[in-house]
Amino acid sequence: MRNVYVLGTGMIKFGRYPEKTVPELGGAAVLLALKDAGVTIKDVEMFACGNLYQSNAMVGQRILQQIGQTGIPVINVSNACATGSTAFREAYMSIAAGMYDIAMAVGVEQMGKQGLLGGTGGGDPAYSTEGKVGSSLMPAVFGQAGVEHMRKYGTKMEHFAKISVKSHKHATKNPYSQYRNEVSLEDVMNARMVGYPNTLYMCCPTGDGAAAAILVSEDKLKQLAGGRKRAKVAASILTSDPWTDRDLTLPDVNTLTQRASKLAYETAGLGPKDIALTELHDCFATAELLHYENLGLCGEGEAGAFIDSGGGVHPDLGGKAPVNVSGGLLSKGHPLGATGVANICEVVWHITQDDRAKERLVPNAKAGQAHVIGLGSACTIHILTV
Amino acid sequence: MAEQAQATDTGPRPIVPWLKLAPKPHLEGIKCACGAIYLDPKRVACSKCGEAGKFSPITLSDKGKVYVFSVVHQSFPGVKTPYVTAIVDLPEGISVRANLVDVDFAQAQKEPNKVFNMPVELVTSVTAKDREGHDVVAFSYRPSKN
């Protein structure tokens, strides 16, 4: 396999764009990435487009109709919340395998005000099991996953709430984040309960967004980088659910990530101590706490103590092993298809000391990781290094 | 919906095919030769060992213990909230997703430790009528009375 580098990145501010179309949002991010890379669409040899809710509608091709139809192969990717990161991986693989030298990945989603996901809403109400035979709604599923940690390790609701406080504080430094307001522990604990133990501020908002990356082979990098620091894709991992005893009832958000994490560290030849920052899939505060352990940022059962002792907090705020310095999905919002590429952009910006992360730069970051899980199931982890 | 109809054309219908209403309400699963148990009777093969066609029916106990829970305060329009959703472990080695009834949700949120491992028993109730006027019967678990 050949080495692959990220030559350019682009992201639009996450938010609400009711007046725009999905191809317009994706196209805007692509143009930013092309400009950042110093190439044009005519240089791009392959395009992977991640989008979930319009996945039957050739979103990748429609983006090219906006910005330049050059006849290149287009792959439209759908992989739940890991949609964007899976598209990035497709572009990565096409170069690593030696098929192309310049590939492009975009993640784009327009969620509008769509809220509760999962469950069995709609259809014949007589046969809808939602709320009658348990719940498959995401707040309930990730609520139960958090409650399992409470049961096993004595974790308190306050631990989950502290994560929300931390990530909201981080978001104040990120102009790409949909929400940039601080919340206090009291605000989080007293907010409206959505799915115990997650209150409103412990659930990610939806929103619209797009992010893009231009990937290149080592040879192309030498031709095009012009001495600028670029990030290397040191690991690109994708896993699906392994079989577990609770498969039928409790989607396995732990084993899925643990396996991906082990493979990612092995592939990159790095360990958790080498990772300067982590952007992980905090669809709910409970999920973030579980992933501290799943990604090896702390030991099993220690995630509560980790957050209590400043784990996950930006070093400028006196913390260590920073997680979601972008503000995370809890503040940025979670446009499903865009999330994975956006997480990668954030990590790239820190390790290349890009101006776009200036206000929140993690000092001396040489390696970072971007993690996403999609229930259904998929987990991607990308480790990026300089 | 046809496969969810049971016994008679006019009687009550179970909300899911693994709920059997006769001779008394109980859950019925399928067990693979490797030991894995599933609820959905239409499964084509075992996702643990990969074997197809090695399933036999298994009657599941009407008693179990609460593994974890959440309290749903926000749901789709028409779904009454709050309710306690839980995962209940059965002695046969399978876990089941269901609602808990006769459990105070506020108390559960305050003292979750009192809910973990709580012995519970299966109960059924009519939850709706389908388009043809049949009662639709759902199952849930309540704290064990004996």
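Treat the numbers as computed from the prediction; the structure is a model and nothing was measured. Values reported hereafter were calculated over all heavy atoms of this structure, with side chains retained and with hydrogens, waters and symmetry mates removed.
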*For the atom pair OG1 (Thr380(A)) and NE2 (His371(A)), what is the distance rounded to the nearest 0.5 Å?*
7.5 Å
*What part of Val115(B) lies closer than 4.5 angstrom to a heavy atom of chain A: side chain, backbone, both or neither?*
neither
*side-chain contact (heavy atoms from CB on, under 4.5 Å), paired with Val137(B), selected from Val16(B), Leu21(B), Thr127(B), Ile15(B)*: Leu21(B)
*Can you tell if the side chain of Thr81(B) reaches within under 4.5 Å of the side chain of Gln74(B), non-hydrogen atoms only?*
no
*Can you list the steps and then say if Val133(A) with Arg97(B) is a side chain to side chain contact (heavy atoms under 4.5 Å, CB included)?*
CA-CA 7 Å; Val133(A) 186; Arg97(B) 180 189 293 137; 5.8 Å; no
*Out of Phe306(A), Phe160(A), Tyr153(A), which one pairs with Tyr292(A) under the ring pair (Phe, Tyr, Trp, His ring centres under 6.0 Å) rule?*
Phe306(A)
*asked:* For chain B, which candidate among Met150(A), Arg246(A), Glu148(A) shows the most heavy-atom pairs at distances under 4.5 Å?
replied: Arg246(A)
*Is it the backbone or the side chain of Ile94(B) that comes under 4.5 Å from a heavy atom of chain A, or both, or neither?*
side chain
_Val66(B) portion near chain A, given a 4.5 angstrom heavy-atom threshold_ = backbone
*Taking all atoms of both residues into account, what is the closest heavy-atom pair of Val253(A) and His291(A), and its distance?*
O-CE1, 3.5 Å
*Thr155(A) versus His149(A), side-chain donor and acceptor atoms under 3.5 Å*: yes
_Val71(B) portion near chain A, given a 4.5 angstrom heavy-atom threshold_ = both
*Which residues in residues 184-206 of chain A have any heavy atom lying under 4.5 Å from a heavy atom of chain B?*
Arg192(A), Met193(A), Val194(A), Gly195(A), Tyr196(A)
*Are the side chain of Glu92(B) and the backbone N or O of Ser61(B) linked by a donor-acceptor pair below 3.5 Å?*
yes
_Members of residues 45-53 of chain B whose heavy atoms come closer than 4.5 Å to chain A_ = Ser47(B), Lys48(B)
*What's the verdict on salt bridge (charged side-chain N to carboxylate O under 4.0 Å, His left out) for Asp135(B) and Lys129(B), showing C-alpha distance, side-chain angles and the deciding distance?*
CA-CA 5 Å; Asp135(B) 286 341; Lys129(B) 276 198 188 294; 2.7 Å; yes
*asked:* Taking side chain as everything from C-beta outward and backbone as N, CA, C, O, which of these in Phe116(B) sits under 4.5 Å from a heavy atom of chain A? Side chain, backbone, both or neither.
replied: both
*asked:* Please tell me whether Thr86(A) and Asn79(A) have a donor and an acceptor in their side chains that are separated by less than 3.5 angstrom.
replied: yes
*For the pair Lys145(B) and Glu121(B), evaluate salt bridge (charged side-chain N to carboxylate O under 4.0 Å, His left out) and give the outcome as yes or no after the intermediate values.*
CA-CA 8 Å; Lys145(B) 296 201 167 157; Glu121(B) 61 191 14; 5.9 Å; no
*Under a 4.5 Å cut-off applied to non-hydrogen side-chain atoms, are Glu109(A) and Val22(A) in contact?*
no
_Under 3.5 Å side-chain donor-acceptor pair for Ser135(A) and Thr85(B)_ = no
*Looking at Phe69(B), Tyr67(B), Tyr38(B), which one has more heavy-atom pairs under 4.5 Å with chain A than the rest?*
Tyr67(B)
*Please flag which part of Asp40(B) lies under 4.5 Å from any non-hydrogen atom of chain A: side chain, backbone, both or neither.*
neither
